[in-house]
Protein chains: 2
Amino acid sequence: MTTDVGLRERKKSETRQAIADAALDLALRHGPHDVTVDDIAAAADVSPRTVFNHFPSKEAAILGIDPGRRRVLLRSLEERPDDEPPLAALRRTLAELYAPDRLRRWRSRARLAREHPSLQAAYVGAFAELEDDLTAVIGRRTGVDPDTDPYPRLVVAVMAVTMRVSLTHAAASHLDDAELDRTVDRAFAMVAAGLPPPGG
Amino acid sequence: MTTDVGLRERKKSETRQAIADAALDLALRHGPHDVTVDDIAAAADVSPRTVFNHFPSKEAAILGIDPGRRRVLLRSLEERPDDEPPLAALRRTLAELYAPDRLRRWRSRARLAREHPSLQAAYVGAFAELEDDLTAVIGRRTGVDPDTDPYPRLVVAVMAVTMRVSLTHAAASHLDDAELDRTVDRAFAMVAAGLPPPGG
DNA sequence: AGGAACGATGCAGTCCGTGCAAACCTGCAT
DNA sequence: ATGCAGGTTTGCACGGACTGCATCGTTCCT
């Protein structure tokens with residue numbers, strides 16, 4: 001199940017990766033606005049039409065947004081121990097998304113997203129769809145109906161934003177991996193403490 | 001209001017309002033995707049080109065995103081008493097954005113945004129630009145440098161998300177104004193308490 | 001009255017994104 | 001190996017979003 005691959009599946013994900021790499025590389029060098037889908041297609045050596053077979057938009061290609069990861073993420077969250085507090089469970093689950101080998105890429109993306117609101121928008125828009133599913137899971141875990149009580153959705157949304165701010169901050173400050181981890185931990189701690197004003 | 005108005009300014013904001021109204025109305029009736037800029041222009045009785053003179057995108061027109069309000073909001077935040085905690089100051093400031101006479105419209109927009117990710121993306125993208133400014137103000141208020149410490153940005157982002165979730169929830173549940181206020185209060189209280197799991 | 005300033009408009013053009021059908025490739029059964 | 005089935009890539013055509021530019025009309029100011 002782990003990587004059950006025929007030649008077909010492998011080639012597909014290779015194409016996908018080539019497109020994502022080309023898109024990110026070009027966006028970093030020229031700015032997202034000055035890169036066209038045709039440019040990306042040419043750099044990835046595929047037809048422009050193929051770009052849209054893998055990503056719903058140019059921005060999604062640059063950010064490497066992968067609809068397939070949604071399932072993985074959800075299962076991962078569902079498998080967290082029941083007694084873990086929602087915020088912690090979400091933090092652990094989300095950490096998988098930013099696995100070490102991808103960290104450099106995520107850093108670049110965070111920086112780009114911060115500098116270009118259109119990318120930011122695409123990122124959050126993509127997450128919005130995932131948000132519904134995560135909310136449902138948290139609702140089940142906590143025994144709270146998301147339609148009645150905004151708590152589950154609030155937890156998910158706050159967690160997402162905390163992760164985003166931490167990553168953005170780390171990327172902007174050129175922190176290394178250890179420092180990034182500390183930053184994320186501190187951010188979650190601040191949220192768990194209710195974001196008190198620093199002066200005390 | 002002391003809106004220093006010549007005929008010119010007034011007519012401009014009237015066309016602006018006409019466009020926003022037409023856009024929202026059409027989007028509510030047919031769904032954002034099935035409304036074209038030409039439709040909006042026709043309904044507002046202006047040229048399609050004029051729509052883009054007032055709004056940067058179709059989505060912005062539907063959501064009535066007004067770049068001019070940014071200044072107002074920032075001044076409002078700067079004028080809050082210094083000893084007010086950041087979360088509370090932001091909550092009060094943002095409340096002005098949803099003044100009573102506009103509440104019905106905001107409700108519709110919240111509902112639309114929730115159902116259509118593209119609108120959600122536009123909404124958040126627009127807010128992202130404001131976020132930088134708000135972050136700077138909070139940084140000054142708390143004496144924390146946003147480039148060194150993620151705290152100010154985190155507070156702003158969490159507040160924005162809290163507001164969004166509350167509004168969305170209220171809109172989806174058809175709460176009346178009093179209930180909406182309570183919902184927002186409760187959401188901010190939950191955040192200030194660190195979002196503990198409901199079971200205790 | 002007359003010019004400066006500004007908003008509205010029309011037009012041309014670029015780019016994004018989608019539906020469709022044809023070409024192509026892999027997996028599989030015969 | 002052969003041929004069929006199903007999935008992927010491609011080309012084509014098209015609708016729609018958005019921008020730059022030149023122009024026209026109206027308001028503002030003196």
Side-chain angles (χ1 to χ4, degrees), chain A residues 3-20 22-23 26-27 30-63 65-68 116-119 121-123 125-126 129, chain B residues 3-23 26-27 30-63 65-68 116-119 121-123 125-126:
Chain A
T3 339
D4 76 325
V5 194
L7 214 188
R8 195 173 244 161
E9 308 257 336
R10 193 170 66 235
K11 282 193 102 173
K12 182 173 181 182
S13 73
E14 272 169 14
T15 318
R16 176 193 181 72
Q17 196 60 48
I19 294 170
L26 289 173
H30 306 129
H33 182 69
D34 291 327
V35 176
T36 71
V37 173
D38 285 23
D39 293 339
I40 295 171
D45 202 34
V46 295
S47 132
R49 187 65 181 82
T50 299
V51 173
F52 291 109
N53 284 342
H54 287 270
F55 300 96
S57 69
K58 183 178 80 169
E59 286 76 19
I62 294 173
L63 295 175
I65 289 168
D66 188 341
H116 302 274
S118 71
L119 287 184
Y123 175 74
E129 304 186 34
Chain B
T3 9
D4 65 322
V5 194
L7 214 189
R8 197 174 247 162
E9 307 258 335
R10 193 170 69 235
K11 281 192 103 174
K12 183 176 180 181
S13 74
E14 272 170 13
T15 47
R16 176 192 181 72
Q17 195 60 47
I19 293 170
D21 287 348
L26 288 174
H30 306 129
H33 183 70
D34 291 328
V35 175
T36 71
V37 172
D38 286 22
D39 294 338
I40 296 170
D45 202 34
V46 295
S47 135
R49 187 66 183 80
T50 299
V51 173
F52 290 110
N53 285 341
H54 287 271
F55 299 96
S57 69
K58 183 178 80 169
E59 286 76 18
I62 294 173
L63 295 176
I65 291 168
D66 188 341
H116 303 273
S118 71
L119 288 183
Y123 175 74

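Residue numbers begin at 1 in each chain, while the letters A, B, ... track the order of the sequences.
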Grab the [atom1]-[atom2] distance between [X] and [N] for me, whole Å please.
X	N	atom1	atom2	value
B/K11	D/dC28	NZ	P	10 Å
A/F55	C/dC16	CZ	C1'	16 Å
A/I65	C/dG17	CD1	P	12 Å
A/E59	C/dC15	CD	C1'	11 Å
A/E9	C/dG27	CD	P	9 Å
B/F52	C/dC11	CZ	P	17 Å
B/I62	D/dG16	CD1	C1'	14 Å
A/I40	C/dG17	CD1	P	10 Å

Mind checking B/V51 for me? I need base, sugar-phosphate or nothing, with any heavy atom below 4.0 Å counting as a touch.
-> nothing
How is B/H54 classified with respect to the nucleic acid when contacts are heavy atoms under 4.0 Å: base, sugar-phosphate, or nothing?
-> sugar-phosphate
Minimal heavy-atom distance between A/F55 and A/R16, with the atoms involved, is CE2-NH2, 3.3 Å
Measure distances between side-chain N and O atoms of B/R16 and base N and O atoms of C/dG7, and say whether any donor-acceptor pair falls under 3.5 Å.
-> no
Ignoring hydrogens and angles, does a donor from either the side chain of A/R49 or the base of C/dG19 sit under 3.5 Å from an acceptor on the other?
-> yes
Name the residue closer to the 5' end of DNA chain D, choosing between B/R8 and B/D38 according to the nucleotide with the nearest heavy atom.
-> B/D38
B/T50 side-chain N/O to C/dT9 phosphate OP1/OP2 under 4.0 Å | yes
Does B/T15 have a side-chain nitrogen or oxygen under 4.0 Å from the phosphate oxygens OP1 or OP2 of C/dA8?
-> yes
Give the nucleotide from the list C/dG7, D/dC18, D/dC28 with an atom nearest to the side chain of B/L7.
-> D/dC28
Measure the spacing between [atom1] of [X] and [atom2] of [Y] and express it to the nearest 0.5 Å.
X	Y	atom1	atom2	answer
A/I40	A/T50	CD1	OG1	13.0 Å
A/L119	A/S57	CG	OG	9.0 Å
A/H54	A/R49	NE2	CZ	10.5 Å

Could you give me the CA-CA distance, side-chain angles and deciding distance for B/L7 and B/R10, then say whether side-chain contact (heavy atoms from CB on, under 4.5 Å) is met?
-> CA-CA 5 Å; B/L7 214 189; B/R10 193 170 69 235; 4.0 Å; yes
